[in-house]
Novice: 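Before I ask anything, here is the structure I am working with.
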Amino acid sequence: MNDSILQTSNFIKDIIEKDKANNHDLTIMTRFPPEPNGYLHIGHAKSAYINFSLAKENNGICNLRFDDTNPTKENQIFVNSIKDDLAWLGLKWEKPTRYASDYFDKLYDFAKTLILNGDAYVCDLTPEEIRTFRGTLTNPGIDSPYRNREISENIELFEQMKNGCYEEGSRVLRTKIDMSSGNLNLRDPVIYRIIKTPEHHRTKNKWQIYPTYDFAHGQADSIEGVTHSICTLEFEDHKPLYDWLLEKLKIHHPQQIEFARLNLSFTVLSKRKLANLVSEKYVTGWDDPRMPTLAALRRRGYPPVAILNFCAEVGVAKRENTIDISLLEHHVRKELNQTASRILGVIDPVKLIIDNYPSNISETFEAINNPENPKAGTRKIPFSREIFIEKSDFMENPTGKFFRLTIGSEVRLKYAYIIKCTDVVKDPKSKEIVEIHCTYDPLSKGGVATDGRKIKGTLHWVSASDSIPAKIKIYDRLFTIEKPETETDYLKYFNNDSLITKTAQLEPSIISSKEGSNYQFERIGYFVLEKKYSNNNSPIFNQTVSLRDSKK
RNA sequence: UGCCCGAUGGUGUAGUGGUAGCACGUCAGCCUUUGGAGCUGAAAUCCCUGGUUCGAAUCCAGGUCGGGCAGCCA
């Protein structure tokens, strides 16, 4: 994890500071507890970052624990992808990797302890009956008829549940708390249920019963010695149950602290909505570069440190929030500006012919790889009579502050020469400009005017015969509205222009690029090489993020 | 007409009884062989009403508004 990441204070740090002041021997222990039932996204990154950074700043420990208590939803594929994503971010967890399923035996014993103490009972009500008996938000529930079973009968029944004697859904183990509590989580919550298929990804067919989240999470925290169990706001109502179980069991009692999960503008982060985008084919998969998943951001070329810096800067608080996606992009640009190699590439090319430049020669010019980092060195780029420039860099009838090319105006070709536009050739039918004719100032080699005249506009270009065609995928925000998350018909606001594919001409040095390498195409944006060769043998680049562009 | 949580510029986030700070964004200027970056500046904020106090974003009371909770999901 990057040590240079800027940190502001937050209420969790305050709590930890106080706890440390009260107990000088305290070793801070946190954990990141994903359920292996999906891919990690930027919101998980925030949560992971909080847990990992809190441990690191306090010379503590952070575990990675998979919350794998429900085999109907979880599998090994997600365990692997989550580990990959965390490693990619550079977050290092305490070894070994933990699993809630590691504690199934202990959890089973804890449950028996509860039964023996009269704090839990086997209930034969159907799921529907349990729901009815639970009451409503405003009306108290009523006791299950099985609530006062003999302890010995409960023990026997629970053991038979474990042994697979009963059908799924026929019986559960519930705590005995308070059916009239204003907090529904305290109305005798279910702590064990029967699940026979599919088999668990780790414990296989050993268990026929599985603990619920409420029964597994706190106890797992306790077993591991977690001191601060940090989770999102929706678990606030579970905290009294978390505390109740730990007190009844008389075991180490971690402190649960809740914070507000991340929301990002112009995208969605709920698993269901993301899954819909995939299943309804709005995107090509979970790692489609438009998605907010870590796998997608990686493919998009986001540097991990930019994501970490972003997580550090969004802060930790309890109020609902929607972070402006431009803050994320800011951190991506900030990092890439320092690290990405520059190249010249023309995405929407139009041919430019320098009429007074000899057709039988070519020159090479030295280009700076990264003006922010002299150590990145230089490279050669070829120049010739016919080049490509960006269509948008020529305007026949310029309006406002247009510093680029127009008939009669002078402009600098970066690293090369100053040129002056003399004429354009249009397609007779479409009226589209097909050729721009210019003359160059032979004395301006390197782009400097010998007479000291100021040249305001500088264009990027590539030599027509030496450039390399490439496929460019340009991405935009996933949705057209700021908060699609709050809309039920959010798919209506999907941004149909979120992916645009173009063919570009790139300078030849790009040949030596490696997959995953970040580039800045000067004056355009940041790009990452996705695949060296597409079907037609040209490389494919994903746009990471555009350059900020204040052109009017 | 239950229980719990929250409210500081457009968006986030500091502040813990003493000039409301920072970041992103926006706007303007400077600089520039990237209209990028960088530099400088600007506009913009304490949910409301009372109370305590010399002094309140902060403490107290009462409101208002927003969010969460009725899986054998996590």
Side-chain angles (χ1 to χ4, degrees), chain A residues 6 8-10 14 33-35 37 67-70 72-74 100 123 125-127 130-132 134-141 168-174 180-187 189-195 209-210 212-214 216-217 231-240 258 260 262 265 271 310 313-331 333-334 337-338 342 344 367-368 371-372 401-404 412-416 418 446-448 455-460 482 520-526 546-552:
Chain A
L6 228 122
T8 55
S9 67
N10 65 54
D14 293 346
E35 184 188 13
N37 72 341
D67 228 331
D68 56 350
T69 59
N70 185 350
T72 65
K73 303 201 168 186
E74 297 144 5
C123 182
L125 255 24
T126 65
I130 287 181
R131 195 185 329 120
T132 308
R134 186 155 36 225
T136 67
L137 292 177
T138 49
N139 296 317
E168 287 190 17
S170 64
R171 279 181 231 262
V172 290
L173 185 68
R174 306 174 69 176
S180 64
S181 172
N183 182 343
L184 303 214
N185 293 119
L186 263 23
R187 317 240 266 226
V190 171
I191 58 172
Y192 261 96
R193 31 25 155 148
I194 299 167
I195 299 174
I209 57 171
Y210 291 90
T212 58
Y213 163 84
D214 283 312
H217 202 94
C231 61
T232 46
L233 252 28
E234 68 267 29
F235 294 104
E236 276 178 321
D237 291 342
H238 294 248
K239 188 176 179 181
E258 312 86 12
L262 175 77
S265 63
K271 206 168 276 177
F310 168 79
E313 210 185 338
V314 295
V316 183
K318 297 190 81 157
R319 61 191 97 110
E320 296 289 337
N321 62 82
T322 302
I323 308 289
D324 195 331
I325 197 162
S326 64
L327 181 63
L328 212 207
E329 294 175 340
H330 160 76
H331 283 287
R333 289 191 183 100
K334 192 176 172 186
N337 181 45
Q338 297 300 320
R342 271 62 168 172
L344 302 187
I368 296 164
E372 305 292 327
K401 292 181 180 173
F402 185 77
F403 306 134
R404 291 161 282 161
R412 173 170 37 239
L413 296 175
K414 185 154 187 171
Y415 300 124
I418 294 169
V448 191
I455 303 296
K456 178 87 177 163
T458 301
L459 307 189
H460 61 279
E482 194 173 340
Q520 184 198 97
F521 294 3
E522 293 213 32
R523 303 211 302 136
I524 301 175
Y526 295 99
S546 69
L547 237 33
R548 272 179 83 251
D549 183 1
S550 57
K551 275 186 290 225
K552 286 184 177 154

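Residue numbers begin at 1 in each chain, while the letters A, B, ... track the order of the sequences. These numbers come from a predicted model, not from an experiment.
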Novice: From the options B:rC4, B:rU11, B:rG2, select the nucleotide whose nearest atom is closest to the side chain of A:L137.
Specialist: B:rG2
Novice: Which one, B:rC72, B:rG35, B:rG71, comes nearest to the side chain of A:V172?
Specialist: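 The answer is B:rC72.
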Novice: Among the candidates B:rA37, B:rG25, B:rC5, find the nucleotide nearest to the side-chain atoms of A:E236.
Specialist: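 Looking only at heavy atoms from C-beta outward on A:E236, the closest nucleotide is B:rC5.
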Novice: Identify which nucleotide among B:rA23, B:rG25, B:rA70 has an atom closest to any side-chain atom of A:L327, counting heavy atoms from C-beta outward.
Specialist: B:rA23
Novice: So does A:N70 get a side-chain nitrogen or oxygen closer than 4.0 Å to the phosphate oxygens (OP1/OP2) of B:rC73?
Specialist: yes
Novice: So, A:E522 and A:K414, do they make that salt bridge, N to O below 4.0 Å?
Specialist: yes
Novice: Going by heavy atoms in the side chains, are A:N70 and A:Y210 under 4.5 Å from each other?
Specialist: no
Novice: Among B:rA74, B:rG12, B:rC72, which nucleotide sits nearest the side chain of A:P127?
Specialist: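 The listed nucleotide nearest to A:P127's side chain is B:rC72.
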Novice: Under the rule for side-chain contact (heavy atoms from CB on, under 4.5 Å), what residues qualify as partners of A:D237, not counting sequence neighbours?
Specialist: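 Here the qualifying residues are A:N183, A:N185.
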Novice: Could you pull out all residues at least two apart from A:E236 that satisfy side-chain contact (heavy atoms from CB on, under 4.5 Å)?
Specialist: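 A:L233, A:E258, A:K318.
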Novice: Looking at the angle O4'-C1'-N9-C4 for a purine or O4'-C1'-N1-C2 for a pyrimidine, is B:rG63 syn or anti, with syn meaning within 90° of 0?
Specialist: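 Here B:rG63 takes the anti form, which means its glycosidic angle is more than 90° from 0.
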Novice: Return the set of residues passing side-chain contact (heavy atoms from CB on, under 4.5 Å) with A:F235 (not counting sequence neighbours), or none when no residue passes.
Specialist: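 side-chain contact (heavy atoms from CB on, under 4.5 Å) list for A:F235, sorted by chain: A:Y213, A:C231, A:T232, A:H238, A:Q256.
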Novice: Looking across every strand, which nucleic acid part, if any, lies under 4.0 Å from A:H460 by heavy atom: base, sugar-phosphate, or nothing?
Specialist: nothing
Novice: Stems in RNA chain B: runs of 3 or more consecutive Watson-Crick or G-U pairs, distances under 3.5 Å?
Specialist: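 Stem list for RNA chain B: B:2-7 with B:64-69, B:10-13 with B:21-24, B:26-30 with B:38-42, B:47-51 with B:59-63.
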Novice: If you only use heavy atoms from C-beta on, which nucleotide in B:rG35, B:rG71, B:rU1 is closest to the side chain of A:F403?
Specialist: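 Between B:rG35, B:rG71, B:rU1, the one nearest the side chain of A:F403 would be B:rG35.
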Novice: If I pick the C1' atom on B:rU8 and the same atom on B:rA20, what distance separates them, to the nearest angstrom?
Specialist: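 Here B:rA20 and B:rU8 have their C1' atoms 8 Å from each other.
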Novice: Could you say whether A:G447 or A:N139 is positioned toward the 5' end of RNA chain B, judged by the nucleotide with the nearest heavy atom to each?
Specialist: A:N139
Novice: Using atom C1' in both nucleotides, what's the gap between B:rG9 and B:rU26 to the nearest angstrom?
Specialist: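 That atom pair is separated by 12 Å.
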Novice: Assign A:Q520 to base, sugar-phosphate, or nothing according to its heavy-atom contacts below 4.0 angstrom with the strands shown.
Specialist: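 Touches a base.
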Novice: Over how many whole Å does the gap from A:H330 atom NE2 to B:rA37 atom P extend?
Specialist: 10 Å
Novice: Please work out if A:L125 contacts a base, only the sugar-phosphate, or nothing of the nucleic acid, heavy-atom cut-off 4.0 Å.
Specialist: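 Base contact.
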Novice: Which part of the nucleic acid, if any, lies within reach of A:I130 when heavy atoms closer than 4.0 Å are counted: base, sugar-phosphate only, or nothing?
Specialist: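 Base, at least one base heavy atom under 4.0 Å.
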Novice: Sugar-phosphate atoms are those with a prime plus P, OP1 and OP2; base atoms are the rest. Using that split, label each nucleotide of nucleotides 13-19 of chain B B, S or - for protein heavy atoms under 4.0 Å, 5' to 3'.
Specialist: BSSB---
Novice: Taking any heavy-atom pair under 4.0 Å as a contact, classify A:K239: base, sugar-phosphate, or nothing.
Specialist: nothing
Novice: Measuring only the C1' atom in each nucleotide, how far is B:rU49 from B:rG41? A whole number of Å is fine.
Specialist: 39 Å
Novice: Ignoring hydrogens and angles, are the base of B:rG68 and the side chain of A:D237 linked by a donor-acceptor pair under 3.5 Å?
Specialist: yes
Novice: Please tell me which of the listed nucleotides, B:rA70, B:rU26, B:rG35, lies nearest to the side chain of A:F402?
Specialist: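 In terms of side-chain proximity for A:F402, the closest of B:rA70, B:rU26, B:rG35 is B:rG35.
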Novice: Check side-chain contact (heavy atoms from CB on, under 4.5 Å) between A:I455 and all other residues, then give those that pass, not counting sequence neighbours.
Specialist: A:E410, A:R412, A:I418, A:R453
Novice: Hey, does the side chain of A:R523 come within less than 4.0 Å of B:rU32's phosphate (OP1/OP2), counting only N and O?
Specialist: no
Novice: Could you say whether A:T322 or A:R333 is positioned toward the 5' end of RNA chain B, judged by the nucleotide with the nearest heavy atom to each?
Specialist: A:T322
Novice: Quick one: do the A:D324 and A:S326 side chains pair a donor with an acceptor below 3.5 Å?
Specialist: yes
Novice: Using atom C1' in both nucleotides, what's the gap between B:rU64 and B:rG55 to the nearest angstrom?
Specialist: 27 Å
Novice: Using the C1' atoms only, state how far B:rC4 lies from B:rC22, rounded to an integer number of Å.
Specialist: 32 Å
Novice: For A:R131, which contact category applies under a 4.0 Å heavy-atom criterion: base, sugar-phosphate, or nothing?
Specialist: sugar-phosphate
Novice: Heavy atoms, side chains only, cut-off 4.5 Å: are A:R342 and A:E372 in contact?
Specialist: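 Yes, their side chains come closer than 4.5 Å.
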Novice: So if I take every side-chain heavy atom of A:K414 and compare against B:rC72, B:rU34, B:rG35, which nucleotide ends up nearest?
Specialist: B:rU34
Novice: Under 4.0 Å, heavy atoms only, any strand: does A:Y210 hit a base, just the sugar-phosphate, or nothing?
Specialist: nothing
Novice: Could you give the distance separating B:rG10 and B:rA44 at their P atoms, to the nearest angstrom?
Specialist: 11 Å
Novice: Side chain of A:P371 only, heavy atoms from C-beta on: which candidate in B:rG35, B:rC24, B:rG36 is closest?
Specialist: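 Closest nucleotide among those given: B:rG36.
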Novice: With rounding to whole Å, what would you report as the distance between B:rU52 and B:rU58 at their P atoms?
Specialist: 15 Å
Novice: Looking only at side-chain atoms of A:E234, point me to the closest of B:rA74, B:rC72, B:rA37.
Specialist: B:rA74
Novice: What I want to check is whether an N or O donor and acceptor connect the side chain of A:H331 with the base of B:rA23 at under 3.5 Å.
Specialist: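 When only heavy-atom distances are counted, A:H331 does not reach the base of B:rA23 through any donor-acceptor pair under 3.5 Å.
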Novice: Tell me what A:T136 touches on the nucleic acid: a base, only sugar-phosphate, or nothing, going by heavy atoms under 4.0 Å.
Specialist: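 Answer is base: heavy atoms of A:T136 come under 4.0 Å of a base.
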